[in-house]
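Structure record follows, encoded as structure tokens.
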Amino acid sequence: MLRDVTLGQYFPGDTIVHRLDPRTKLTLTLIYIVALFLAVDYFSYAVMIVVLAACIIISKIKLRVILRGVKPLLIVIIITGLLNLFYTKGEPILSFWIIKITVEGIKRAVFMILRIVMLIMGSFLLTYTTSPVALTDGLESLLSPLKKLRFPVHELAMMMSIALRFIPTLIEETDKIMSAQKARGANFETGNLFQRAKALLPLLIPLFISAFRRADELAVAMESRCYNGGEGRTKMKSLHMAPRDWIALFLGALLLAGMIVMNVYKI
Amino acid sequence: MAPIIKTENLRHLYSEGTPFEHVAIDDINFSAEKGEIIGIIGHTGSGKSTFIQHLNGLLKPSSGRVLFNGEDIFSSKTFTHEVRFKVGLVFQYPEYQLFEETVYKDIAFGPKNMKLSEEQIDISVRGAAEFVGVDEELLNKSPFDLSGGQKRRVAIAGVMAMQPDVLILDEPTAGLDPSGRDSIITNILRYHDATGCTIILVTHSMEEIARSVDRLVVFNKGHIMMDGAPSEVFEHDEELRSVGLSVPEVSLVAKRLRQLGLPIDRSVYTVEQAKKALLAVRGGAAGAP
């Protein structure tokens with residue numbers, strides 16, 4: 001059951017979306033998110049949907065897989081939708097008891113849900129098509145100007161890649177410890193909240209201990225290979241911007257400009 | 001007598017219904033009698049670990065049944081839970097599951113889950129600790145202050161303390177030094193002699209189990225490839241080698257000697273047996289004119 005977690009899972013592929021430089025993809029995702037928040041009417045939303053759909057189709061990632069990422073946030077999405085539905089002032093078309101539903105409310109609820117779902121889908125598309133290593137490399141490179149302000153960019157990127165690397169390991173470990181404690185009669189599934197929290201101790205304590213042990217071992221392994229931070233460190237795969245990256249960025253800039261114009265002039 | 005544990009056409013698929021689906025074990029028909037010591041051997045990925053997790057209901061078969069004393073262990077939730085205590089399973093590297101403040105409390109975790117009384121828990125904890133050679137004074141220490149070998153013993157005691165009818169151990173000696181290995185196997189055999197329970201030992205070292213088990217089951221690619229007394233299984237040394245397993249060296253030596261015409265029995269596969277057989281041959285030869 002724990003294996004179903006897809007957080008940050010990478011699906012290897014060889015499409016143009018996969019091949020884009022991670023810096024390009026990060027920038028484009030940022031542009032996409034900003035554009036999404038600039039969208040205010042039917043036409044601009046339609047444009048965003050077309051853009052997202054095009055990216056998904058080109059990346060050859062199945063829609064079902066991308067929608068899976070939305071599932072854990074379903075409750076948040078529904079609550080947001082309902083709040084917008086009930087608390088938007090305007091012309092009521094339906095009212096009973098204390099509930100009033102307005103045309104504006106429906107419109108805002110739909111837009112809000114659409115915005116959140118598209119936001120999640122867009123960011124998942126990034127993590128599905130970019131390996132964690134490439135992602136952190138890209139982030140490090142994009143943030144490198146901050147080094148001038150003595151911000152530990154390399155360290156941050158290294159911590160991120162280590163964390164991402166160890167997610168599957170820790171999931172596997174959790175599975176193993178859970179089975180072992182179940183074999184001794186531990187019960188993780190029934191009981192009230194207090195009992196369940198207590199039942200987690202036999203799982204969490206060994207998990208923490210093993211995480212610390214792994215961290216310690218990793219630190220020793222890194223030091224014995226003379227790792228001492230990012231100063232003067234070279235990369236086996238250094239990032240290169242290809243013509244396709246510049247074209248993609250140009251298209252992104254075009255989208256952003258278009259959305260700003262539409263937002264300002266309410267076309 | 002009916003077998004204490006039995007599987008019928010057991011089959012398990014991993015990641016069922018996804019593109020990553022694959023068969024872990026298929027068509028496993030296995031049975032164990034009360035008091036038997038069975039060795040399960042197989043290459044990494046042969047499905048042996050998946051198989052043993054079915055025996056106490058941790059994994060649910062995709063198809064087929066697991067019977068404990070003739071009853072399907074998935075017939076009801078309460079029975080599945082009960083079987084967890086009757087079929088004790090010690091995982092690989094069990095020392096990583098220790099969590100309590102003291103060794104005593106950790107060993108008592110299983111018996112406590114069985115809802116035994118305080119006295120009963122005390123008896124089973126002390127009994128189990130003695131079987132694995134954990135001294136009385138260690139019981140009040142933190143399990144995290146112990147050495148690797150001692151932790152392993154404590155973890156095994158944690159399962160023994162539930163007094164299971166079937167004790168399954170997955171690679172109980174992995175990563176230990178030779179003397180630690182020997183003493184753990186000795187402890188397990190002593191436990192078997194004292195309680196008469198069924199023991200299932202999973203390993204990929206032939207040498208280790210050759211001298212302790214009554215029966216050997218060989219797993220290969222999710223199927224049972226061979227099932228029989230060690231001497232029968234070791235006959236097929238070529239086949240075993242073709243799937244990446246070895247046979248005890250003594251049995252190879254005995255086989256070669258047999259080919260050279262010496263009267264050495266096929267059941268010889270441990271150093272002790274070989275010594276006896278060779279002395280008998282020499283004694284016989286010396287007696288001849």
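A note on names: the letters A, B, ... follow the listed sequences, proteins ahead of strands, and every chain is numbered from 1. The structure presented is a predicted model; accordingly, all values stated were derived computationally and were not measured.
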Q) For chain A, which residues from residues 51-76 of chain B have at least one heavy atom closer than 4.5 Å to it? A) B/Gln53, B/Asn56, B/Leu58

Q. Given that the side chain runs from C-beta out, which part of A/Ser210 has a heavy atom under 4.5 Å from chain B: side chain, backbone, both or neither?
A. neither

Q. Quick one: do the A/Thr15 and A/Lys60 side chains pair a donor with an acceptor below 3.5 Å?
A. no

Q: Apply the side chain to side chain contact (heavy atoms under 4.5 Å, CB included) test between A/Arg23 and each candidate in A/Leu239, A/Leu139, A/Leu28, A/Leu249; give the one that qualifies.
A: A/Leu239

Q) Around A/Glu217, counting heavy atoms of other residues, nucleotides and ligands shown, do more than 12 lie under 6.0 Å from its CD? A) yes

(Q) Using a 6.0 Å cut-off, check whether atom CD1 of A/Ile75 has over 12 heavy atoms from anything other than its own residue. (A) no

Q. Between B/Asp122 and B/Arg126, is the closest basic N to carboxylate O distance under 4.0 Å?
A. yes

Q: Give a yes or no on whether the backbone of A/Gln195 and the side-chain of A/Asn192 come within a donor-acceptor separation of less than 3.5 Å.
A: yes

Q.
Using only non-hydrogen atoms and a strict under-4.5 angstrom cutoff, which residues of residues 140-164 of chain B touch chain A?
A. B/Phe144, B/Gly158, B/Val159, B/Met162

Q. Can we call the ring centroids of B/His81 and B/Phe79 under 6.0 Å apart?
A. no

Q) Is there a donor-acceptor pair under 3.5 Å between the side chain of A/Ser224 and the backbone N or O of A/Ala221? A) yes

Q) Can B/Ser46 and B/His43 be counted as having a side-chain donor-acceptor contact under 3.5 angstrom? A) no

Q) Looking at residues at least two apart in the chain, or sitting in another chain, which of them share a side chain to side chain contact (heavy atoms under 4.5 Å, CB included) with B/Gln120? A) B/Leu116, B/Ser117

Q) Using non-hydrogen atoms and a limit below 4.5 Å, what part of residues 89-100 of chain B faces chain A? A) B/Leu89, B/Phe91, B/Tyr96, B/Gln97, B/Leu98, B/Phe99

Q) Taking everything shown except B/Glu101 itself, do over 12 heavy atoms lie less than 6.0 Å from its CD? A) no

**Q.** Main-chain N/O of B/Cys197 paired to B/Asp165 side chain as donor or acceptor, under 3.5 Å
**A.** no

Q | Exercise: identify the closest heavy-atom pair between A/Cys55 and A/Leu125 | A | CB-CD2, 3.6 Å

